[in-house]
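Have a look at the structure below before the remarks.
Sequence lines set the chain letters: A, B, ... in the order given, protein chains first and strands last, and positions in each chain run from 1.
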Protein chains: 2
Amino acid sequence: MVKICNYGFDQEVIEEHRDIYGIAYTQNVLSGRYKNLIIWYLKEKNRRYNHIKKFLSDISQGSLTKQLRELEKDGIIKRTVYPEVPPKVVYSLTDKGKDLLSIIDLMESYGKRYGEQPK
Amino acid sequence: MVKICNYGFDQEVIEEHRDIYGIAYTQNVLSGRYKNLIIWYLKEKNRRYNHIKKFLSDISQGSLTKQLRELEKDGIIKRTVYPEVPPKVVYSLTDKGKDLLSIIDLMESYGKRYGEQPK
DNA sequence: CCGCATCCACCCGGATACTG
DNA sequence: CAGTATCCGGGTGGATGCGG
């Protein structure tokens, strides 16, 4: 059994289907209830912590911070602190993060096509 | 607070960012540890239950059945039962499911580009 | 304003045993 | 072969309180 991210596969399965590496990795980066919404929200422009918080209306502070830290750790977003009082923190997409936008854009158009339309 | 799939948003947020409907919907359809791997695996050809099981080497029977049922309920895959002994069940992608392949293909190439390469 | 630390609830997925 | 039924453990996200 070979470990790939959080998945385990038989050796022979891996040899026959090498593509699963890529899928597993991306799945890992995007796994998290709010991550693709955060990335999408940073597409238009950089955002401050509180803007993201208001956007994801029902997320808790603790959860938001966790998701942001993970995205930062994976190199998807960049965190910039302005040493002011009161503090100001701005999040922006890295190049690696911007490359995810094509995926999220597809998700958006797919959902628009098949999801229930808002009334 | 307006409910969209499993998310809650303020009314004004929704009015300003209607695209979140699509993202939330697609996220919902693909949420599940193994779903995009299953869809990708059905891309090449239709597969029997046990083939999928062997492909996802470390998934349990119960989990696999649950994921397949959800995908079926969302109209992503089709389940065909051949009334033989022993039983034979084949899963295939619907058109709605095939439309997800563009997303998964992008995930695959993204992961190939940024993920750690297998040794 | 933007966090961290802690604790907790819930749900997904895992394990096991059993059927048509 | 392809499930269903049941129970259980871990991890993710929620809630709250405190701090720079």
Side-chain angles (χ1 to χ4, degrees), chain A residues 1 3-10 24 27-39 41-42 46-74 77-92, chain B residues 1 3-10 24 27-39 41-42 46-74 77-92:
Chain A
M1 205 67 113
K3 271 286 169 195
I4 301 179
C5 298
N6 299 319
Y7 301 93
F9 292 99
D10 287 335
Q27 160 79 6
N28 222 263
V29 167
L30 285 180
S31 76
R33 195 154 155 37
Y34 299 95
K35 281 184 185 169
N36 32 40
L37 285 173
I38 293 174
I39 295 167
Y41 189 59
L42 294 178
N46 303 344
R47 308 278 189 174
R48 296 185 60 173
Y49 181 89
N50 255 9
H51 294 158
I52 304 174
K53 175 91 174 59
K54 208 174 301 171
F55 170 59
L56 301 172
S57 323
D58 71 348
I59 197 175
S60 65
Q61 276 191 348
S63 299
L64 178 54
T65 300
K66 252 185 267 181
Q67 308 261 324
L68 291 171
R69 288 294 166 280
E70 287 180 29
L71 287 170
E72 196 190 356
K73 185 162 96 16
D74 287 333
I77 63 175
K78 180 162 161 288
R79 179 170 178 267
T80 308
V81 182
Y82 293 85
E84 309 171 353
V85 179
K88 174 178 167 186
V89 179
V90 173
Y91 293 90
S92 55
Chain B
M1 207 66 112
K3 272 285 169 196
I4 301 178
C5 298
N6 299 320
Y7 301 93
F9 293 98
D10 287 336
Q27 161 80 4
N28 222 264
V29 166
L30 286 180
S31 76
R33 194 153 155 40
Y34 298 95
K35 281 184 184 168
N36 30 42
L37 284 174
I38 293 173
I39 295 166
Y41 189 59
L42 294 178
N46 303 345
R47 308 277 188 176
R48 297 184 59 172
Y49 181 90
N50 255 10
H51 296 157
I52 304 175
K53 176 90 174 59
K54 208 172 306 169
F55 171 58
L56 301 172
S57 323
D58 72 347
I59 197 175
S60 65
Q61 278 191 348
S63 299
L64 178 54
T65 300
K66 252 185 265 180
Q67 306 262 325
L68 290 170
R69 289 291 167 282
E70 286 180 30
L71 287 170
E72 195 189 358
K73 184 163 101 6
D74 287 333
I77 63 175
K78 181 161 159 289
R79 179 170 178 269
T80 308
V81 182
Y82 293 85
E84 311 170 354
V85 178
K88 174 178 165 184
V89 178
V90 172
Y91 292 90
S92 54

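Closest contact between the side chain of B:Thr65 and the listed nucleotides D:dT4, D:dG13, D:dG17 involves D:dT4. In the set D:dC1, D:dG13, C:dC1, D:dG13 carries the atom at the smallest distance from any side-chain atom of A:Lys66. For B:Ile59, whose side chain is taken as the heavy atoms from C-beta onward, the closest listed nucleotide among C:dC1, C:dG14, D:dG3 is C:dG14. Distances from the side chain of A:Pro87 to the nucleotides C:dC1, C:dG13, C:dG3 place C:dC1 closest. Comparing C:dG3, D:dA2, D:dT4 by their closest approach to the side chain of B:Arg48 singles out D:dA2.
What separates NE2 of B:His51 from P of D:dG3 is a distance of 13 Å, to the nearest Å. Computed from coordinates, the B:Asp58 CG to C:dT16 P distance equals 14 Å when rounded to whole Å. Rounding to whole angstrom units, CD of residue A:Glu70 and P of D:dT12 are separated by 7 Å. Here the P atom of nucleotide D:dG3 and the CG atom of B:Leu64 are 8 Å apart, to the nearest Å. Atom OH in B:Tyr34 sits roughly 8 Å away from atom P in C:dG13 (whole-Å rounding). We find that CD of B:Gln61 is positioned 9 Å from P of D:dG3, with the value rounded to whole Å. Put simply, OH on B:Tyr7 is 15 Å from P on D:dT12, counting in whole angstrom units. In this structure, CG of B:Asn6 is placed 11 Å from P of D:dG14, rounded to the nearest angstrom.
If you check every strand for non-hydrogen atoms under 4.0 Å, A:Lys53 touches nothing. Note on B:Ser60: a base of the nucleic acid sits closer than 4.0 angstrom, heavy atoms only. In this structure, B:Gln67 reaches the sugar-phosphate backbone alone: every heavy-atom distance under 4.0 Å involves primed, P, OP1 or OP2 atoms, never a base. Among the heavy atoms of the strands, none lies under 4.0 Å from A:Tyr82.
Mapping A:Val89 and A:Gly62 onto DNA chain C by nearest heavy atom places A:Val89 closer to the 5' end of the strand.
In this pair, B:Tyr34 and A:Tyr7 present their aromatic rings perpendicular. The plane angle is above 60°, beyond the 30 to 60° band.
Counting heavy atoms from C-beta outward, A:Tyr49 and A:Gln61 have side chains that approach closer than 4.5 Å. In this structure, B:Val81 and B:Arg79 have side chains that are in contact, with non-hydrogen atoms separated by less than 4.5 Å.
Put simply, A:Arg79 has a side-chain N or O that comes within less than 4.0 Å of OP1 or OP2 on C:dG3. Using a 4.0 Å cut-off, some side-chain N or O of B:Tyr91 falls inside it from OP1 or OP2 of D:dG3.
Not one N or O on the side chain of A:Asn28 forms a donor-acceptor pair closer than 3.5 Å with the backbone of A:Cys5. Put simply, the side chain of A:Lys73 never gets that close to the backbone of A:Arg69: no donor and acceptor are under 3.5 Å apart.
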